[in-house]
Amino acid sequence: MSAIIENVDKIFNVSLIYATFRSATPIIFAALCAALTQQANILNIGTEGIMLVGSFTAVGVSYLTGNWVIGVLAAMISGAFIASIMAVGHIKYNAEICAIGMGINMLALAVTKLLLNVIFKTNGTFSDPKIVPIPKVHFAFMDDIPVLNQLLNNWSITEWLAIVLILVLQFLFYKTVWGLRLRAVGQFAMAAQTAGIKVTQIKYQAMIASGLMGGLAGAHLSLGYSTQFVENMTNNRGFMGVAAMYFGGANPILTALGCLLFGFADSVGARLQAYGIPSQFVLMMPYIVTIVILAISMYVKYRNNKRKESSLLAPKAQLKTQG
Amino acid sequence: MKKILSVLLVAVMCFSLVACGGSDSDSGASGGSSDEKGKDKIRVCIVYTGNLGDKSYNDSCNEGAQRAVEELGVEVKSLEGATAEEWESNLVSACEEGYDLIIGASSNIADYITEHGPNYPETKFAVIDTTVDLDNVQSISFAQNQGSFLAGAAAAMFTTKTDIEGVNKEKIIGWVGGMDIPVLHDFYTGYEQGAKYIDPDIKILQAFAGTWTDPLKGKELTLAQYEQGADIVMNVASGTGPGILEAAKEAGKYAIGVDLNQDNDQPGSILTSMVKRVDNACYLVIESVVNDTFAGGTTQYLSLEEGGVSLTDFAVIKESLGDKFPQDIVDKCDELAEKIIAGEIVVENYEGFGPEAQ
């Protein structure tokens, strides 16, 4: 314990801020992917699988074409393709979304493993100097400013993009007609339909947009965060994204805050381990945070519902006492 | 239409379920099943913890197995698995298949062999990297503490070479492991002792990723150690390791490879690798079955002296650093290795390891 107090300046220094954001970014993308469909009341459990397919496609295409932009675009298209399979199954054929989602996750794991073997003739890991990563943004003027240099320099392009996308989605959901329709579909589909909104069309659009986002999440994982593809490299980041989405109630900014909390738990954990905190405990932290976050958000939701209910019930209750 | 689609969906699901549940790959089929001896070809099954393609421990073991396929004409089946449930079910299914020899590739399998081995007294088992005390199990373990001692000494000397780009003033070195299992503590014990042998005041940062298959986690842990002042980090993490080595390259710092010669995985960022000859262990045990000299219930201990562990020749980093390459590290490591072999330096073991451990 004393070792931690001694080294507190090493654990909580400026680099922790970027480390938090760096480890949160893949989860932010995943959470935005889940938020897009959640607004239309579709729980995208397949986020994990969409991401994994995206990671594989990004690395594969970047390797074959030598161009990261094409790699990222291909990843997004592959994500949209997977999402549209889910969309057809769920919207057209009324299949249970969780079942399809889990199926997609397992399928993604198996398909990427198979293709890795067939196309690249390797197992487990695929890394090669010919894979072109997403470049990092370097501001030359920051080189001499120590704090800014540590904080903002050499971010990957997709890390900046994550911030932009959070704001874009926030605007899209709450300030545009499409967003209003999307939320209307999510909250009460029948009412939306009565109002003349094409419910099915909106749902398809949400699923495909979510697929594009999930593909991007995967591309960031394999070309931005690292430069390799590894079997099951998402390692539950998709599920953590879904949890964060719940925490934020599918509101992009709140959702991103939830992700940052995960990132923070992860980064602080990584530093604490060095000073004799048992690794088992530290590795548990992100999951404990997940449970705590979900519990709090569920409680807040419960309280709000209770309050709404009681305000509706109040007049009736009065009537009763009078009667 | 609806029916066809639902049938198709079910088929896809089944396929993916099957594909998920412990994948296997056949090798050695190239030798042709119709060999001259008839059908008494020796069949070996290797149960891995993690996947092949880790460019580390598992791949090293597979190299030995492939050599046995070529030179001894055995048939080898590899079962990979990322989670503990898969390991156990892979082992049990291998037992049921009636192989001549089942190799548990890492110490994670040891508990399952202890549990299921007695039920298959006719089957020969081998376990690498730890000891299982059963009559039908041959154990092979390594003096990873000795190899790590040299790696720790090299890291401790390297962190003082501030004229090399990326090396800071602070005397801090790092160590990132995969799962928190006893073998890795044997690694760490040696690493720590080696580093402190060079400089008693050195600080060592230690972290476990808790998985053999998440390089991104490895990368994050390694970057965290660099940000806390470490300039060289040792990788002991199988499939999590590529992330550690990538972090070294990206941060402009240094790493030490493990198991296989990883010096060329991120050339110029890897000082050396602590090579553990898992391939030899795997080959030797298969050979013993072929020659009918299999000795169940015994433990083989491969140390520095037998070439079971060693450092690489530093050639790759030497080329990239040019004039700045600190030759004294190599000389000192050679000297230390001789002293260990001669018994002048006794490298400590983690509890339950060492030549006498049973």
Side-chain angles (χ1 to χ4, degrees), chain A residues 7 10-11 13-16 18-19 22-23 26 88-89 92-93 95 99-100 102-111 113-114 116-117 122-127 136 150 154 221 225-228 230-235 237 266-267 269-276 278-280 282-284, chain B residues 1-2 5-6 9 12-13 15-20 23 25 50-55 58-59 62 78 80 82 172 174-177 179-180 203-211 213-217 219-230 239-243 246-247 249-250 265:
Chain A
N7 291 294
K10 283 228 159 63
I11 298 168
N13 58 11
V14 181
S15 63
L16 178 63
Y18 175 48
R22 187 175 58 216
S23 48
V88 171
K92 187 159 185 196
Y93 296 105
I100 307 184
M102 289 314 289
I104 288 290
N105 290 342
M106 289 189 273
L107 181 72
L109 203 59
V111 162
K113 189 183 173 87
L114 178 75
L116 195 65
N117 220 313
T122 169
N123 278 318
T125 316
F126 178 63
S127 61
K136 302 204 178 290
Q150 250 184 322
N154 295 328
L221 212 55
Y225 195 40
S226 68
T227 316
Q228 57 191 329
V230 183
E231 267 171 41
N232 192 23
M233 77 185 300
T234 45
N235 213 3
R237 288 179 179 85
D266 213 29
S267 307
R271 284 143 196 266
L272 285 182
Q273 266 203 48
Y275 302 104
S279 69
Q280 292 87 346
V282 169
L283 293 170
M284 228 159 52
Chain B
M1 181 63 203
K2 233 176 198 175
L5 199 90
S6 58
L9 208 72
V12 166
M13 296 270 209
F15 164 74
S16 60
L17 262 179
V18 168
C20 285
S23 47
S25 54
N51 296 317
L52 289 178
D54 62 351
K55 292 184 177 163
N58 293 340
D59 279 1
N62 189 41
S78 307
E80 303 163 54
I172 303 176
W175 186 96
V176 176
M179 283 180 125
D180 194 346
K203 213 152 97 184
I204 306 169
L205 307 177
Q206 180 200 39
F208 286 98
T211 159
T213 50
D214 190 352
L216 300 178
K217 181 96 198 162
K219 187 172 186 178
E220 200 53 51
L221 288 170
T222 310
L223 289 175
Q225 297 198 342
Y226 290 144
E227 281 157 4
Q228 288 177 93
T240 300
E246 192 179 80
K249 168 140 189 268
E250 204 176 291
D265 287 7

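First the proteins, then the strands, lettered A, B, ... as listed; each starts at 1.
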**Message:** Could you go through N13(A) and E227(B), starting from their C-alpha distance and side-chain angles, then the distance that decides it, and tell me whether this counts as side chain to side chain donor-acceptor pair (under 3.5 Å)?
**Reply:** CA-CA 9 Å; N13(A) 58 11; E227(B) 281 157 4; over 6 Å; no
Given P242(B), G210(B), G243(B), G229(B), the one with more heavy-atom pairs under 4.5 angstrom with chain A than any other is P242(B)
The reported gap from CE in M179(B) to CD in Q280(A) (rounded to nearest 0.5 angstrom) is 10.0 Å
- Query: Between Y225(A) and E220(B), does a side chain to side chain contact (heavy atoms under 4.5 Å, CB included) hold up when you go through it step by step?
  - Reply: CA-CA 10 Å; Y225(A) 195 40; E220(B) 200 53 51; 2.5 Å; yes
Scored by heavy-atom pairs under 4.5 Å with chain A, the best of L221(B), T211(B), D54(B) is L221(B)
If you tally heavy-atom pairs under 4.5 Å between each of Q228(B), Q206(B), K217(B) and chain A, the highest tally belongs to Q228(B)
If you tally heavy-atom pairs under 4.5 Å between each of N154(A), N232(A), V230(A) and chain B, the highest tally belongs to V230(A)
So, the part of A209(B) with a heavy atom under 4.5 Å from chain A: the answer is backbone
What do the steps show when you test K219(B) against Q228(A) for side chain to side chain contact (heavy atoms under 4.5 Å, CB included), and what is the final call? CA-CA 12 Å; K219(B) 187 172 186 178; Q228(A) 57 191 329; 6.0 Å; no
The interface call for D214(B) against chain A, heavy-atom contacts under 4.5 Å, is both
Separation between NZ (K55(B)) and OG (S127(A)), nearest 0.5 Å, reads 3.0 Å
How about R271(A) and L205(B): do any of their side-chain heavy atoms sit closer than 4.5 Å? no
With distance as the sole test, does Q273(A) use its side chain to make a donor-acceptor pair with the main-chain N or O of F208(B) at under 3.5 Å?
yes
Rounding to 0.5 Å, atoms CG (D59(B)) and OG1 (T122(A)) come to a distance of 7.5 Å
Which of L221(A), N235(A), T234(A) passes side-chain contact (heavy atoms from CB on, under 4.5 Å) with L216(B)? It is L221(A)
Counting heavy-atom pairs under 4.5 angstrom with chain A, the leader among A247(B), G174(B), A207(B), A230(B) is A207(B)
CD (E231(A)) and CG (L52(B)) are apart, to the nearest 0.5 Å, by 9.0 Å
Looking only at G124(A), S267(A), P278(A), S226(A), most heavy-atom pairs under 4.5 Å shared with chain B are made by S226(A)
